[in-house]
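Lettering of chains follows the sequences in order, A, B, ..., and the numbering in each one begins at 1.
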Amino acid sequence: MSTTRIHQRFTLQAVERLKLRKQIETLFQTGEAFSVFPLRVVYQYLPERGEAEPSPVRIGFSIPKKRLRKAVQRNRVRRLLKEAWRLQKHALYAQVPATAQLHCFFIYTGNDQFTFPDAEKVVKKVMGRLLRIVNPAPESGQGETAAGANA
RNA sequence: CUACAAACCCGUGCUGCCGCUGCUCCUGUACAGGAGUGGAGGAAAGUCCGGACAGCACAGAGCAACGCACCACCUAACGGGUGGGAUCCCGGGCAACCGGGAUACAGAUAGCGCCACAGAAAAUAACCGCCGUAAAAGGUAAGGGUGAAAAUGUACGGUAAGAGCGUACGUUCUGUAGUGGUAACACUAUGGGAGGGCAAGCCUUGCGUGAUGAAAUGCCCAAUAGGCAAGCGAUUGAGGGCUGCUCGUCCGAUGCUUGCGGGUAGGCAGAUAGAGUGUUGCAGCGAUGUAACGCCCAGAUAAAUGGCAGCAGUCCUGCAGCAAUGCAGGAAUACAAAAUCCGGCUUACAGGGUUUGUAGUUUU
RNA sequence: GGUUUCGUAGUUCAAUGGAUAGAAUAGGAGUUUCCUAAACUCUAGAUACAGGUUCGAUCCCUGUCGAGACCA
């Protein structure tokens with residue numbers, strides 16, 4: 001299966017990113033969200049995916065112009081986030097079932113004081129939340145969140 | 001050599017690991033893997049101008065609106081640039097003049113409007129004064145304080161007192177002629193006229209502009225219904241054709257408008273070889289043009305060009321050294337990233353280089 | 001990517017090119033009250049920045065900076 005072929009490589013290819021306007025709009029209309037400063041994460045858990053979707057997760061990044069006016073600053077933050085996600089994504093990929101797909105969007109709400117260690121730390125925290133959403137522990141009540149995303 | 005100013009140029013490099021993306025080739029299965037090779041800027045920025053390009057009627061006329069405003073040249077074009085003229089400012093010089101800088105530099109004699117306070121008066125002037133007279137009426141603008149600005153400066157004549165009222169020399173506008181210059185303009189001669197300022201108040205004159213912008217535009221695929229209701233209209237023309245109005249003109253009947261309900265919104269082209277760029281020669285004071293030879297130099301689309309580490313470079317500081325330089329330290333290493341593409345302008349910018357000019361110091 | 005509007009006290013708004021930029025509210029001090037509120041008195045506080053036109057600029061012009069709104 002294609003999932004296993006890209007399993008252990010630290011890549012971030014086109015099929016692993018959110019690229020379709022329609023997918024993004026449904027994500028923002030029906031998805032749920034939580035915040036881990038300086039990120040706001042919008043996600044949606046899809047229990048089924050088509051044949052043309054080899055990746056278990058599709059990810060998107062957005063840095064609003066409100067706080068970071070210069071394009072250079074926004075590019076810098078987006079690239080740091082992409083890099084941190086690229087190096088940590090396999091923990092999540094291993095937990096998503098082969099038939100499901102998670103759509104996920106990161107919105108940056110901080111200022112321009114942002115370095116690569118910061119990005120690694122915050123992505124690690126977000127990863128912990130997403131792992132509980134995808135694979136809820138039996139004793140916790142996180143299962144209804146995934147059920148709500150199905151509707 | 002140092003400091004300052006101006007113009008122009010540069011504005012990090014190498015290695016390792018992990019990634020993104022365009023093109024070519026190879027391997028297999030739509031897609032993936034491998035190899036090779038390209039992958040942000042001087043401002044890519046602000047969006048302030050000008051174009052290319054695109055469809056829109058042949059993109060047609062008038063008004064309105066908007067823009068520009070000394071002259072010539074450059075340019076695809078420009079509100080940009082180059083050279084020149086005029087005026088003003090600064091420095092030097094006794095002066096002629098020299099050097100540098102600035103200029104939205106058409107018109108105030110087309111008209112309207114405005115000019116606070118003060119002042120008699122702020123633009124068809126008359127308070128004091130002067131003349132005049134018995135007193136008035138009247139004449140007058142030399143002198144007076146105010147104010148940013150006060151009715152052409154000086155001299156002589158003239159007069160009751162005065163006044164461009166007259167004359168001369170000036171200031172300034174303008175006509176004509178001559179000389180120089182492509183021209184703006186300068187100089188000379190001569191005629192005529194005017195007398196406050198503001199046109200970045202309205203405006204007048206001359207010149208120019210079709211508006212809309214790649215979310216333009218064309219094509220393919222998917223989806224679909226020839227849906228329901230109301231209204232208008234069918235050559236006596238509903239409605240429309242991308243500028244605000246008018247005209248002209250064109251299209252126009254399975255048509256148009258409104259409401260309800262429903263569907264699609266994915267991809268390709270546009271889109272990266274061009275007013276391109278490097279070197280040398282020639283023409284020109286210069287902007288620039290031209291010839292030969294060489295080069296190919298981003299093309300993404302929820303949006304690539306990155307992350308981490310090491311070494312070096314440049315700069316600063318300290319120490320050693322006559323010097324070249326060496327050693328140590330430094331979170332000093334900027335401003336900022338394409339979004340159809342070009343030409344400008346403006347703004348931001350650590351540090352460095354070249355040339356020219358000015359000033360100072362040292363040596364010969 | 002493009003179009004467009006606007007910047008005045010801490011805040012909401014005024015101000016034909018003309019003296020010291022005005023008002024409400026918020027702030028500070030005081031009077032009143034046993035204390036607070038209300039009321040009254042006093043007080044400090046601003047033309048986004050840089051040039052230009054003009055005798056004189058919040059106003060007119062130019063350029064920056066900043067804040068919004070709109071266009072599928």
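In this structure, G261(B) makes no Watson-Crick or G-U wobble pair, since no nucleotide meets both defining distances under 3.5 angstrom. Base pairing of A76(B): no nucleotide in any strand meets the Watson-Crick or G-U wobble criterion (both distances under 3.5 Å). For C117(B), there is no paired base (Watson-Crick or G-U wobble, both distances below 3.5 Å).
The distance from atom CG of L87(A) to atom C1' of G306(B) is 12 Å, rounded to the nearest whole Å. In this structure, R86(A) atom CZ and U21(B) atom P are separated by 12 Å, rounded to whole Å. The distance from atom NZ of K65(A) to atom P of A339(B) is 11 Å, rounded to the nearest whole Å. At whole-Å resolution of the value, CZ in F105(A) and C1' in A303(B) are 11 Å apart. The nearest whole Å value for the distance from the CZ atom in F114(A) to the P atom in G307(B) is 13 Å. In this structure, E120(A) places its CD atom 10 Å from P of A309(B), rounding to the nearest Å. Taking atom CD on E83(A) and atom P on U305(B), their separation rounds to 10 Å, with Å as the unit. As rounded to whole Å, 19 Å separates atom P of A303(B) from atom CZ of R76(A).
A155(B) and A116(B) have their C1' atoms separated by 41 Å, with the value rounded to a whole Å. Straight-line distance between the C1' atoms of U15(B) and G46(B): roughly 40 Å, to the nearest whole Å.
One cannot find a donor-acceptor pair under 3.5 Å joining the base of C20(B) and the side-chain atoms of R79(A).
Stem regions annotated for RNA chain C: C:1-7 with C:65-71, C:10-13 with C:22-25, C:27-31 with C:39-43, C:48-52 with C:60-64, counting only runs of 3 or more consecutive pairs of Watson-Crick or G-U type with both contacts under 3.5 Å.
Checking the phosphate oxygens (OP1, OP2) of A304(B), no side-chain nitrogen or oxygen of R17(A) falls inside 4.0 Å.
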